[in-house]
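What follows is a short report on a single structure.
Because the structure is predicted, anything quoted here is derived from the model rather than measured.
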Amino acid sequence: MHCKFAVRHLTTSHNITGINNACLCCTVLAVCIPHSTDQNVLSSASCVTDPEMRNTSMDGTDPSQLFDDTSATPGVQPTGFQGQGVGTMGHPGRTLLSDPMSNLAMAYGSSLASQGKDLVDKNLDRFLPISKLKYYFAVDTVYVGKKLGLLVFPYMHQNWEVSYQQDTPVAPRFDINAPDLYIPAMGFITYILVAGLALGTQNRFTPEILGMQASSALVWLIMEVLVVLLSLYLVTVNTDLTTIDLVAFSGYKYVGMIVGVVAGLLFGRTGYYLTLLWCCISIFVFMIRTLRLKLLSEAAAQGVLVHGARNQLRMYLTMSIAAAQPIFMYWLTYHLVR
């Protein structure tokens, strides 16, 4: 009790020497009564009376402090160096975004990615024009039905000109004369399936033979297109025909090949020859009436008599391309029917 009274008396004194003595007394009390539960003794034994010293202990510089003070109001930056370090370590992403070098690196990386994407799209469009391929597959059921009928029976069709809209050909689903890739692609696949069926009915089906059939048909198609391109280059024909157009026109013959093979499976070799002959004549007429507007001069397209060696070469080239279609049709199908 006497020590307790002395501490209270000394902590309220303005004498510096008394305060130092009180601190010494408090230390003695802390050693003597470590298990005291009296709050007055503990509060009275506090040696921090100077405001600056109190602020230092609350800042967390005391090594004996186990936890940081998190009771501060959110949004208020704590005072002192340690408070700034806690805020920085608590939000590492904020420090990354606030770093100018990081922002510059992110902007440079985004620019490189954009340039790489543009370069890939440009080169891909040059070798494989995706936008043009979309045009050739813009078909519907009505167009496919009419085009198949035109390929099998082209004799009554009158207007063979391709329609244009602002110097751009309209989509195939709006113009039956426009070339497409849907029918040639589906015709090639169907031809391979029908060939496998025909070989199976004759007990000659093997995966190797079917693969040879598909590869040979594809190779002949590629060679045909390359020969036509070389011929157009040698004759120096100024035409709007593209390589994809030539692939489309060369692929239309698969329709007649399928019809001939199916007729041969149903009616024998006689039905095969009769049906294939009809389809060969039809594809010949179709190619002549279609390509003459592309290869011949404007006067020849209107029915005027062709004059000049160059126009005659164009006419011969048109007839050669048309005549090659029945030859390929027979060559790729005759061994499928027995």
Side-chain angles (χ1 to χ4, degrees), residues 128 130 133-134 136-154 172 179-229 243-287 290 320-338:
L128 185 62
I130 303 299
L133 288 179
K134 291 181 180 179
Y136 289 95
F137 284 95
V139 300
D140 55 7
T141 306
V142 177
Y143 168 82
V144 173
K146 291 182 179 180
K147 194 61 173 265
L148 291 177
L150 183 62
L151 292 172
V152 177
F153 195 83
D180 69 284
L181 286 178
Y182 177 80
I183 293 179
M186 294 297 103
F188 179 81
I189 296 174
T190 307
Y191 162 72
I192 301 302
L193 297 177
V194 172
L197 177 63
L199 293 173
T201 56
Q202 302 168 13
N203 296 326
R204 295 188 299 144
F205 176 81
T206 59
E208 291 78 10
I209 294 180
L210 188 63
M212 290 292 297
Q213 190 74 25
S215 60
S216 62
L218 184 61
V219 168
W220 280 114
L221 177 64
I222 295 175
M223 291 181 60
E224 178 185 357
V225 173
L226 292 179
V227 170
V228 173
L229 288 175
T243 305
I244 302 179
D245 292 336
L246 294 177
V247 172
F249 289 129
S250 300
Y252 285 139
K253 61 176 172 287
Y254 292 115
V255 176
M257 294 164 57
I258 294 170
V259 175
V261 174
V262 172
L265 293 176
L266 296 177
F267 306 105
R269 297 186 65 87
T270 302
Y272 163 75
Y273 283 116
L274 291 178
T275 306
L276 187 65
L277 179 62
W278 176 272
C279 293
C280 289
I281 297 174
S282 299
I283 195 66
F284 180 81
V285 174
F286 173 82
M287 295 293 288
T290 301
S320 299
I321 296 174
Q325 306 306 310
I327 297 176
F328 284 115
M329 292 172 64
Y330 175 76
W331 176 257
L332 294 173
T333 58
Y334 78 95
H335 60 284
L336 298 176
V337 179
R338 290 186 177 180

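If you take CZ on F286 and CD1 on I283, they are separated by 6.0 Å, rounding to the nearest 0.5 Å. Here I321 contributes atom CD1 and T290 contributes atom OG1; the two are 11.5 Å apart, rounded to the nearest 0.5 Å.
Closest approach of G251 and L221 over heavy atoms only: N-CD1, 4.4 Å.
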### Task
Could you walk me through whether F153 and V285 pass the side-chain contact (heavy atoms from CB on, under 4.5 Å) test, one step at a time?
CA-CA 9 Å; F153 195 83; V285 174; over 6 Å; no

### Message
As a quick check of understanding, evaluate side-chain contact (heavy atoms from CB on, under 4.5 Å) for I192 and F188, giving each step before the final call.
### Response
CA-CA 6 Å; I192 301 302; F188 179 81; 4.3 Å; yes

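Contacts classified as side chain to side chain donor-acceptor pair (under 3.5 Å) and involving residues 211-229 (residues at least two apart or in different chains) are given here: Y191-Q213, Q213-H335, E224-S250, E224-K253, E224-Q325.
Between V228 and F249 there is no side-chain heavy-atom pair separated by less than 4.5 Å. M257 is not listed as a side-chain neighbour of F328, based on a closest heavy-atom distance of 4.5 Å or more.
The environment of Y136 atom OH is dense: over 12 non-hydrogen atoms of other residues, nucleotides or ligands sit within 6.0 angstrom. By the 6.0 Å contact criterion, CZ on F267 is open, its count of non-hydrogen atoms from other residues, nucleotides or ligands being 12 or less.
A side-chain contact (heavy atoms from CB on, under 4.5 Å) with V194 holds for exactly one of V262, L336, T333, L199; it is V262.
Judged purely by atom type and a 3.5 angstrom limit, W278 uses its side chain to pair as donor or acceptor with the backbone of V152.
Between Y334 and W331, the ring-plane angle classifies as tilted under the 30° and 60° cut-offs.
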